[in-house]
Amino acid sequence: MAQQSNFDEIYSFLNEKFENESEYLQAVHEVLEDIIPIYNANSDYKAFDIVRRLCLPERIIYFTVSWMNSSGEIEVNQGWRVQHNSAMGPYKGGLRFHPTVNLSVLKFLAFEQCFKNALTGLPMGGGKGGSDFDPKGRSDRDIMLFCQSFMRELQRHIGANTDVPAGDINVGAREIGYLYGEYRRLNNRFEGVLTGKGLEFGGSYVRTEATGFGLIYFLQAVCQHQNTQIDGKTIVVSGAGNVALHAALKAVEKGGKVVTLSNSRGLLYNASGLTDTAIKWAIENRSSSGNILEEMAKDDMGTWEENKTPWHIECDIALPCATQNELGEKDARTLLNNGCRMVLEGANMPCTNKAQAMFIDEKITYVPGKASNAGGVALSGLEMGQNAMFNQREASVLDEQLYTIMANIHERCVSEGKIESGFVNYMKGANIASFRRLADAMVAQGV
Ligand code: NDP
Ligand code: 2IT
């Protein structure tokens, strides 16, 4: 079958070249399965070898970050920027600082980002970057010194119309501030070269909240589509960072009962549901705390369970919002057995391929991150627009725009992912809808 052979041919080409890059191959495999039939049915896509070109990053930048910490010691870290695809606009995507960062992780994130950004409807290409630097337990001064050294290398490769990084794991407002300050000092100009900036220097209202809020706006659209509502549903959330906490906050505002948060060390469980006051407290204090969840447990906001994840807790809805491959096959089985009917990803690729397949086989609602967590980068796109116009729009206007963008992404997924008996395969819908936009942009621009 021609269809099959194209899949095999392209995937084995990548597999041979990048056999040690498991996360990258995982992300590509998931997308290829859905898009190959569309590719095979379009002679232009085939003539321009679109799929192979779309799977390979246009450019990868590697640099060594040698820096002197606040104790006068030299430290050496690795830094990368993967500029994956610019057919739709400047490369756009976050920076991650975490000891697990390597080229495979950044390549998977950059690849996913292209499809996500295409879904937003805004003119943004896809990229991702970061470092194996571990900021945990570091002084504020060390964070600043590292960010400055990292930017000294990165600055020559980015620009408001070239490549616009933002935050991701362990890169929030503080880090973006330090990175931006160094860029400005070196280049002597204001430009929207990073998003997630402080409100006083070109940042946008609602950017901080956008990924988590957008996830819940997507959930609202799903609920509307199924004639149900968030109100009264029990929700488990993993993670306790930017995405998890803002998702939890908005879910509670919509009447959901959020019973868990988690981090790399364990789980906070509150059977009667976290209050918005508790979540707001966590948002305010998380950056100054070693373990915000343990502190919440000490303050009677729930119980702390060391080394546990949330997936064994009974729920209607699961929102994995921490990191890649955090929800595997066994977890998926437990969630299904306990009656979970919706899984929406706040993180990037938190469900393994096997977990995804189980959700789809059982015909529960499963939404991949490239659709449901696109609110963050969408607001980044709106921040770029505000920077280009030298203005700052009101929070209420931006929040409404975010809601509309998420509702539109939902519609795009439904129109491409609806299969027999009304079931929506959101993964297929998201992959196909974004692929068509990307492929058309690439064909129109030739080789
Ligand atoms: P944060 O750094 O704010 O929070 C990350 C959270 O995930 C922390 O609670 C952290 O726990 C936990 N975590 C990180 N690594 C692991 C791990 N290996 N195992 C278990 N828990 C882990 O990051 P964000 O909230 O910004 O990002 C979370 C996810 O959302 C990521 O997948 C990111 O790519 C994705 N995302 C982020 C967007 C954004 O705008 N920020 C946009 C779209 C997606 P601990 O503190 O113990 O390390
Ligand atoms: O994964 C993501 O979409 C992000 N980390 C946000 C990227 C961005 O450019 O705002």
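For ligands, and for the atoms within them, numbers begin at 1 and follow the listed sequence. Positions are given from 1 along the sequence.
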Mind checking whether Val243 contacts ligand 1 via backbone (N, CA, C, O), side chain (CB onward), both or neither, at a 4.0 Å heavy-atom cut-off? both
Per-atom contacts of ligand 1 with [X], taking only distances under 4.0 Å to non-hydrogen atoms:
X	answer
Ala347	29 (C), 30 (O), 32 (O), 35 (C)
Cys321	28 (C), 29 (C)
Arg207	40 (O)
His98	15 (N)
Lys136	45 (P), 46 (O), 47 (O), 48 (O)

Can you tell me which residue and heavy atom of the protein come closest to [atom], and the distance to 0.1 Å?
atom	answer
atom 2 (O) of ligand 1	Asn170 N, 2.8 Å
atom 3 (O) of ligand 1	Asn242 N, 2.9 Å
atom 17 (C) of ligand 1	Thr323 CG2, 3.4 Å
atom 12 (C) of ligand 1	Ala322 CB, 3.9 Å
atom 4 (O) of ligand 1	Gly241 CA, 3.3 Å
atom 20 (C) of ligand 1	Ser264 CA, 3.5 Å
atom 43 (C) of ligand 1	Thr211 CG2, 3.5 Å
atom 23 (O) of ligand 1	Ile169 CA, 3.5 Å

Salt-bridged, [X] to [Y], with N to O below 4.0 Å?
X	Y	value
Lys298	Glu295	no
Glu306	Arg265	no
Arg96	Glu175	no
Glu383	Arg207	no
Lys92	Asp163	no
Glu33	Lys428	no

Does an N or O from [X], backbone or side chain, lie closer than 3.5 Å to an N or O of ligand 1?
X	answer
Arg286	yes
Arg96	yes
Ala240	yes
Gly376	no
Asn373	no

Taking the six-membered ring for Trp, are [X] and [Y] closer than 6.0 Å centroid to centroid?
X	Y	value
His84	Tyr91	no
Phe133	Phe146	yes
His410	Tyr426	yes
Tyr180	Phe201	yes

Would you mind telling me which of Trp67, Phe63, Tyr183, Trp80 makes a ring-ring contact (aromatic ring centres under 6.0 Å, His included) with Phe150? Phe63
Step through the shown structure and confirm whether more than 12 heavy atoms of other residues, nucleotides or ligands are within 6.0 Å of CG on Asp300. no
Whether over 12 other heavy atoms sit under 6.0 Å from Glu400 CD: no
Nearest 0.5 Å, what's the NZ-CD distance between Lys128 and Gln83? 14.5 Å
Work out whether the distance between some heavy atom of Arg265 and some atom of ligand 1 is less than 4.0 Å. yes
Is Lys107 positioned over the aromatic face of Phe18, cation under 6.0 angstrom from the ring centre and no more than 45 degrees off axis? yes
Protein residues near ligand 2, heavy-atom distance below 4.0 Å? Lys92, Gly93, Gly94, Gln113, Lys116, Lys128, Ala166, Gly167, Asp168, Arg207, Asn348, Gly376, Val377, Ser380
